[in-house]
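Data block below; observations after.
Computed from heavy atoms alone, side chains included, the values below leave out hydrogens, waters and symmetry copies.
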Amino acid sequence: MILELDCGNSFIKWRVIDNEQLVALAGGVVGSDEELISALQATAGLALRQCRLVSVRSDDETRVLTSRLHEVFGVSCVCASPAIEMAGVRNGYSEYQRLGLDRWVAVLGAYHIARKPCLVLDLGTAVTSDLVTAGGEHLGGFICPGMPLMRNQLRTHTRRIRYDDEAAEKALLDMAPGRSTVEAVERGCLLMLRGFVQAQIELASEYLGEEFEVFLTGGDALLVRDVLPRARVLPDLVFAGLAIACPLH
Ligand SMILES: Nc1ncnc2c1ncn2[C@@H]1O[C@H](COP(=O)(O)OP(=O)(O)O)[C@@H](O)[C@H]1O
Ligand SMILES: CC(C)(COP(=O)(O)O)[C@@H](O)C(=O)NCCC(=O)O
Ligand SMILES: [K+]
């Protein structure tokens, strides 16, 4: 069995696949290294042979996690690393090492699946957009704050915006003008996100032509799905790319 990890700024997404790399046997989303260890220990019939991961955390944090996994489960981890070119995709950053590895891996996955121009949108702590041409040229992309960052900026930099997560979830059931602080903030931030992704569609048609595939991933992907009817929602896009970035034998 192979353990796969996507270590984002807020959460670690994990899954276990069989050695033939065809089926996901287990998986989940956890908030910390120790929570991951517990979740894995609670998984019945686990027999980990290898681990591959992509991380946007600091090298130190990633090292701490990989040594814990080695200590507890005896597995060595292979980490996705930056590349100028891989699997037919050319990294568009002038300093290729600086492109977020989760973005790079998602782009590899998307281009492998579509084999045509792609727009990749990943809605996590931050929201990222990446454009790839038919020939596999990554044109670069955009980064803006995601839902968690937008709401927390308002909550921490104002005196009177205070509400809890449960109220936040309820507020998004409707998009009418807010009649309470929580409704006004949550709906306002969501409108910003929707505006951002719609602007990406316009940009993509300008840079890629009309025939492009839209991939939508990340924990908050479903929040913008209704404004992107043509998008393919692929929660496991990063894992699809991780298999390309870190082939195991
Ligand atoms: N099952 C889930 N577990 C955790 N976060 C989730 C889940 N479903 C949706 N979310 C939302 O996804 C966002 C985090 O997305 P994620 O892609 O995990 O971020 P990151 O990669 O930056 O850690 C948060 O706003 C969170 O509320
Ligand atoms: C943009 C990101 C913070 C997104 O992280 P996430 O929301 O997935 O946790 C991450 O891809 C990153 O740290 N990138 C490095 C900067 C760059 O891509 O230009
Ligand atoms: K992201």
Side-chain angles (χ1 to χ4, degrees), residues 1-83 97 99-109 122-128 145-149 151-152 156 164-166 168-169 216-223 233-249:
M1 291 175 204
I2 299 167
L3 172 63
E4 297 185 315
L5 304 175
D6 167 11
C7 305
N9 281 289
S10 306
F11 295 100
I12 300 174
K13 279 66 69 183
W14 66 274
R15 72 175 195 183
V16 174
I17 56 175
D18 66 1
N19 295 332
E20 277 66 53
Q21 316 191 18
L22 299 173
V23 226
L25 305 168
V29 182
V30 290
S32 67
D33 292 6
E34 285 317 306
E35 228 185 287
L36 172 67
I37 305 282
S38 308
L40 290 170
Q41 285 170 332
T43 304
L46 198 69
L48 297 182
R49 201 165 59 87
Q50 283 164 308
C51 169
R52 62 181 159 216
L53 68 83
V54 56
S55 173
V56 292
R57 301 181 171 193
S58 70
D59 291 343
D60 278 346
E61 283 171 284
T62 306
R63 246 190 312 273
V64 167
L65 174 58
T66 55
S67 9
R68 272 296 278 153
L69 290 168
H70 192 262
E71 189 180 292
V72 179
F73 301 102
V75 280
S76 323
C77 300
V78 183
C79 301
S81 58
Q97 308 91 325
L99 174 66
L101 279 169
D102 56 347
R103 297 173 60 192
W104 175 238
V105 162
V107 157
L108 294 179
D122 185 337
L123 285 81
T125 311
V127 172
T128 59
M147 258 332 246
L149 285 182
R151 67 163 69 93
N152 287 339
T156 51
D164 57 45
D165 294 342
E166 200 185 323
E169 211 169 300
L216 191 53
T217 192
D220 283 327
L222 296 182
L223 291 178
V233 183
L234 288 188
D236 288 343
L237 182 62
V238 167
F239 289 135
L242 183 60
I244 299 166
C246 303
L248 297 174
H249 310 286

(request) Write down the atom of T125, the atom of S10, and the distance for their closest heavy-atom approach. (result) OG1-OG, 2.6 Å
(request) Measure across C51 and L5 and return the closest heavy-atom pair with its distance rounded to 0.1 Å. (result) SG-CD1, 4.2 Å
(message) Any non-hydrogen side-chain atom of C77 less than 4.5 Å from a side-chain atom of R52?
(response) no
(request) Start with the C-alpha gap between W14 and L36, add the side-chain angles, then the distance that decides, and say whether side-chain contact (heavy atoms from CB on, under 4.5 Å) holds. (result) CA-CA 8 Å; W14 66 274; L36 172 67; 3.6 Å; yes
(request) Could you tell me whether the side chain of R57 and the main chain of G8 form a donor-acceptor pair under 3.5 Å? (result) yes
(message) Could you tell me if the side chain of C246 sits less than 4.5 Å from the side chain of V105, heavy atoms only?
(response) no
(message) Nearest 0.5 Å, please: how far is OG1 in T66 from CD in E71?
(response) 11.0 Å
(message) Main chain of L46, side chain of T43: is a donor-acceptor contact present, judged purely on distance under 3.5 Å?
(response) no
(message) In the structure I gave you, are the side-chain heavy atoms of V56 and C7 within less than 4.5 Å of one another anywhere?
(response) no
(request) Would you mind reporting whether S38 and E35 have side-chain heavy atoms less than 4.5 Å apart? (result) no
(message) Quick one, L69 and L40 - any side-chain contact, counting heavy atoms below 4.5 Å?
(response) yes
(message) I need the minimum non-hydrogen distance between A245 and L108, along with the two atoms involved.
(response) CB-CD1, 4.1 Å
(request) Give the C-alpha distance, both sets of side-chain angles, the deciding distance and a yes or no for side-chain contact (heavy atoms from CB on, under 4.5 Å) between L48 and V16. (result) CA-CA 8 Å; L48 297 182; V16 174; 4.2 Å; yes
(message) Taking V238's backbone N and O only, do any of them form a donor-acceptor pair with D6's side chain (distance below 3.5 Å, no angle check)?
(response) no
(request) Could you go through the side-chain contact (heavy atoms from CB on, under 4.5 Å) check for L216 and L222 one step at a time? (result) CA-CA 9 Å; L216 191 53; L222 296 182; over 6 Å; no
(message) What I'd like to find out is whether the side chain of R68 reaches to under 4.5 Å of the side chain of F73, using heavy atoms alone.
(response) no
(request) For G146 and V127, work out which heavy atoms get closest and say how close. (result) CA-CG2, 3.6 Å
(message) Around atom CD of Q97, are there more than 12 heavy atoms from other residues, nucleotides or ligands closer than 6.0 Å?
(response) yes
(message) Please report the interatomic distance CG(L65) to OG(S55), rounded to the nearest 0.5 Å.
(response) 8.0 Å
(request) Keeping the roles fixed (side chain from T217, backbone from D122), state whether a donor-acceptor pair exists under 3.5 Å. (result) no
(request) Determine whether V64 and D60 make a side-chain contact, defined as any pair of heavy atoms from C-beta on separated by less than 4.5 Å. (result) no
(request) Report yes if some heavy atom in the side chain of L53 is under 4.5 Å from a heavy atom in the side chain of L3; otherwise report no. (result) no
(request) Find the distance between CD (Q50) and CG (L248) and round it off to the nearest 0.5 Å. (result) 4.5 Å
(request) Looking only at non-hydrogen atoms, find the nearest pair between V233 and A221 and report the distance. (result) CG1-CB, 4.5 Å
(message) Can you confirm whether E166 is buried at CD, in the sense that more than 12 heavy atoms of other residues, nucleotides or ligands lie under 6.0 Å from that atom?
(response) no
(request) Go through the structure and list residues passing side-chain hydrogen bond (donor to acceptor under 3.5 Å, both in side chains) with S58, not counting sequence neighbours. (result) E61
(request) Sequence neighbours left out, what passes side-chain hydrogen bond (donor to acceptor under 3.5 Å, both in side chains) with R15? Give chain and number order. (result) E4, D236
(message) Which heavy atom of W104 sits nearest to which heavy atom of A83, and what is that distance?
(response) CZ2-O, 3.7 Å
(message) Nearest 0.5 Å, please: how far is CD in E34 from CD in Q41?
(response) 8.5 Å
(message) Quick one, L25 with I17, criterion side-chain contact (heavy atoms from CB on, under 4.5 Å). Give me CA distance, side-chain angles, the key distance, then yes/no.
(response) CA-CA 5 Å; L25 305 168; I17 56 175; 5.8 Å; no
(request) Check whether any side-chain N or O of D33 sits under 3.5 Å from a backbone N or O of I37 as a donor-acceptor pair, and report yes or no. (result) no
